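We're numbering straight along the sequence, starting at 1. Values in this document were obtained by computation on a predicted structure and should not be read as measured data. Just so it is clear, the values below take in all heavy atoms, side chains as well, and ignore hydrogens, waters and symmetry mates.
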Amino acid sequence: MQVTDDLDTLLATLPPEISSTLTNHPQRGELIEVVIDLGRKPEARFANNWEYLREEPVTREDIQFCSDRVGMFSGDNRAGIERTLHRISAMRNRGGEIVGLTCRIGRAVYGTIGMIRDLVETGRSILMLGRPGVGKTTALREIARVLADDLNKRVVIIDTSNEIAGDGDIPHPSIGRARRMQVSRPELQHQVMIEAVENHMPEVIVIDEIGTELEALAARTIAERGVQLVGTAHGNRLDNLIKNPTLSDLIGGIQAVTLGDEEARRRGSQKTVLERKALPTFDIAVEMLERRRWVVHQEVSETIDQFLRGHDPATEVRLANEQGEVEIYTEAGSSKSTPYGNGKTHLQNPVLPRPTGWRASGQMTPVESSPPHNPEFEQLLDQSWQQADQSKKVRTPGPNGEDWPVYVYPYGISRNLLDQVLELLKLPVVLTKDIESADAVIALRSQVKNHSKLRQMAKNKEVPIHVVKSNTLPQITRTLQRLLDLDPTTAEGIDFRMFTEGSSQDEMEALEEARLAVEQIVIPKGQPVELLPRPANVRKMQHELAEHYRLQSNSFGEEPNRRLRIYPA
């Protein structure tokens, strides 16, 4: 490999005391970056260690010395040195003043893509993955040069921060014949990507650091126009992109799919599974785990499908030894216990065990699917609907001349809750076990919906059915008041025991607050009211009280300041 770093040009921008220390340093060739922070000792970071460059802390004059000798800092606080690959990144305080600099050494390493040159020559789109500092940009620069000079392709580089082709208007010679388009602001990178395809007729587009959803969509648009893409993204492994909703479109996108019962049984999985939405934007993925150890996925679509089904696919590992020779071997995959997107320990396409037991061995005979007809049982079932009620009906005139009490046949309703409501509100209702002597039926909505026999008997006896949404005190109370033609908003007084369990002082105060808000502001003035913050169990009681008045309410805010808001009807 041939390395070009133009290190002397970068050292000339540093304060003399710092640059003189690095000029003759024995590890100069392994220097990665120089860090200059206000009030701290300047330090040099090498591949395997770091050291201070002087004992005196950095002053504002040192930072100003460096800032005056580099290019202009762009919107992403990056600058460069013209005709070099070095990158200087600034840290600013709240006032916008520079208080720290990271001077990163940029090197053009010729021959660094020897491990994947065969893949580059196929013309398929390639995605490079790896942590910061592993050499993604260096490899990208060399790929652009090989495609332009050795394969004679029309290559356009989208250089967002001038990191691939260097600072200044003239690109660094390390990119060969490839052309470079600069980006005025980082948030406009996706627009420049589309502009490059529409205006400059490239065969290859090279992109560094795809990081936003718009850039991922632009990359898909470019790939669908038949242009080869070579790009990088942050992420150690390919399966990291599955968990990243912003960049998942690069590998085809992920969607939840509901399977039919038969298909779910065949796969041995739950009914909702994750599947790939479309073809991946990039055909090949390269995981740069180390500088000399890369993992290659030559069919991204197959690899992603294996991941989503809970399998660990076989991977192709490529190593470069000290002599520059490339070694290729395959690591066998394995089955994971948990596929992506579900918490069950199932595989979506497992090998199901062969059934055992009496039924499988033929020693157990199946029973008939339908039980034999038993007329006596049917007769007993019909009689159970018409249990004789031993109590005699005694009627007294109500306030409007109606006959009280009202005899009610309950079905599916909690008897304890019914008794509690009747005792608290003193309602003129008598519960009966005989549907023929009942004046009305009060039943749970789900029971009425699924029980045609109850509806048929009520119709034959001409007994109305009043439906209760759920087995709660407010719902039962509202249904009984509707049955008796009582208006809950004008009923004299409310017994808060209907809404509480422990009847503590805090619960009573919260319910009284809600009642006063409803009766003095929400109903007469038609204005919403916001109550004081309360615990979740107390807010639930306030919700039920508002529902008792037939008003809408909702909770908002974060704990412990979450509170209720009641709206007018």
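Residues L444 and V467 are not in side-chain contact: their nearest non-hydrogen atoms beyond the backbone lie 4.5 Å or more apart. L127 is not listed as a side-chain neighbour of V286, based on a closest heavy-atom distance of 4.5 Å or more. Side-chain contact check for E331 versus V295: every heavy-atom pair is 4.5 Å or farther apart. A heavy-atom distance below 4.5 Å is found between the side chains of R515 and E512. The shortest side-chain heavy-atom distance between D439 and V463 does not fall under the 4.5 Å cut-off. Residues I88 and C103 form a side-chain contact, since some pair of their non-hydrogen atoms from C-beta on lies under 4.5 Å apart. Side-chain contact between T432 and V408 is absent, with no heavy-atom pair separated by less than 4.5 Å. Residues L274 and V257 fail the side-chain proximity criterion, which asks for heavy atoms closer than 4.5 Å.
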- Query: Can you list the steps and then say if L564 with F556 is a side-chain contact (heavy atoms from CB on, under 4.5 Å)?
  - Reply: CA-CA 7 Å; L564 200 72; F556 71 99; over 6 Å; no
- Message: Working note: I251 + F282, criterion side-chain contact (heavy atoms from CB on, under 4.5 Å); need CA distance, chi angles, decisive distance, verdict.
- Response: CA-CA 7 Å; I251 45 92; F282 291 89; over 6 Å; no
- Task: Let me see the working for L511 and M541 under side-chain contact (heavy atoms from CB on, under 4.5 Å), right down to the final yes or no.
- Result: CA-CA 7 Å; L511 291 173; M541 299 173 189; 3.9 Å; yes
- Message: If you apply the rule side-chain contact (heavy atoms from CB on, under 4.5 Å), what do you find for R563 with L531, and how did you get there?
- Response: CA-CA 6 Å; R563 52 205 179 274; L531 305 181; 5.5 Å; no
- Message: Pair R415, D419 - check salt bridge (charged side-chain N to carboxylate O under 4.0 Å, His left out), show working.
- Response: CA-CA 6 Å; R415 185 62 182 258; D419 292 338; 3.4 Å; yes
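Minimum interatomic distance between G526 and P568 (heavy atoms only, all atoms of both residues): O-CG, 3.4 Å. Closest of all the heavy-atom pairs between I476 and L417 is CD1-CB, 3.7 Å. Residues M288 and V134 share a closest heavy-atom pair of O-CG2, 3.3 Å. Nearest heavy atom pair, residue V58 against residue P42, reads CG2-CD, 3.8 Å. Taking every heavy atom of both residues into account, A285 and V300 meet most closely at N-CG2, 3.5 Å. The minimum heavy-atom distance between D37 and L101, with the atom names listed, is OD1-N, 4.1 Å.
Look at R220 and E224 and you find a salt bridge, because one of the NZ, NE, NH1 or NH2 atoms lies within 4.0 Å of a carboxylate O, short of that distance. Remark: E163 engages R78 in a salt bridge, criterion side-chain N to carboxylate O under 4.0 Å. Classification of E97 and R92 as a salt-bridged pair fails, no side-chain N sitting under 4.0 Å from a carboxylate O. Contact check on K271 versus E263 returns no salt bridge, with no Lys/Arg side-chain nitrogen under 4.0 Å from an Asp/Glu carboxylate oxygen. Electrostatic pairing of R45 and E43 counts as a salt bridge here, judged by a charged N lying under 4.0 Å from a carboxylate O. A salt bridge does not link E262 to R266: none of the charged nitrogens lies less than 4.0 Å from a carboxylate oxygen. Salt-bridge check for D239 with K243: failed, with every basic side-chain N at 4.0 Å or more from each acidic carboxylate O.
If you take CG on L308 and CD on Q255, they are separated by 10.5 Å, rounding to the nearest 0.5 Å. Atom OG1 of T160 and atom CZ of R185 lie 13.0 Å apart (nearest 0.5 Å). Rounded to the nearest 0.5 angstrom, S89 OG and N77 CG are separated by 8.0 Å. The distance from the CD1 atom of I254 to the CD1 atom of I304 is 6.0 Å, given to the nearest 0.5 Å. Here CG of L188 is found 12.5 Å from CD1 of I158. Values are rounded to the nearest 0.5 Å. Note that the NZ atom of K540 and the CG atom of L545 stand 14.5 Å from one another [nearest 0.5 Å].
Judged by distance alone, with hydrogens and angles left aside, the side-chain atoms of N93 form a donor-acceptor pair with the main-chain N or O of G96 at under 3.5 Å. A side-chain donor-acceptor contact under 3.5 Å links E513 to the backbone of L532. Counting only distance, with no hydrogens or angles, the side chain of R276 and the backbone of A278 share a donor-acceptor pair below 3.5 Å. Not a single donor-acceptor pair under 3.5 Å links the side chain of D76 to the backbone N or O of P186. Looking at S125, its side chain does come within 3.5 Å of a backbone N or O of L229 through a donor-acceptor pair. Of the possible polar contacts, none joining the E209 side chain to the T232 backbone as a donor-acceptor pair under 3.5 Å is found. Judged by distance alone, the side chain of Q270 and the main-chain N or O of T272 form a donor-acceptor pair under 3.5 Å. In this structure a side-chain-to-backbone donor-acceptor pair under 3.5 Å is present from K136 to R131. Judged by distance alone, with hydrogens and angles left aside, the side-chain atoms of R562 form a donor-acceptor pair with the main-chain N or O of G557 at under 3.5 Å.
For the residue pair Q420 and N416, no side-chain donor N or O sits within less than 3.5 Å of a side-chain acceptor on the partner. Counting only N and O atoms by type, the side chains of T479 and H466 include no donor and acceptor under 3.5 Å apart. Neither side chain, R565 nor N554, offers a donor N or O lying under 3.5 Å from an acceptor on the other. Checked by atom type, the side-chain pair H297/E287 shows a donor-acceptor distance below 3.5 Å.
Partners of E559 under the side-chain hydrogen bond (donor to acceptor under 3.5 Å, both in side chains) rule, at least two apart in sequence or in another chain, are R539. For F73, there are no ring pair (Phe, Tyr, Trp, His ring centres under 6.0 Å) partners, not counting sequence neighbours.
Relative orientation of the Y409 and Y411 rings is parallel, given thresholds of 30° and 60° on the angle between their planes.
Counting non-hydrogen atoms of other residues, nucleotides and ligands closer than 6.0 Å to CD of E187 gives a total above 12. Few gaps surround CD on E530; more than 12 heavy atoms of other groups in view lie less than 6.0 Å from it.
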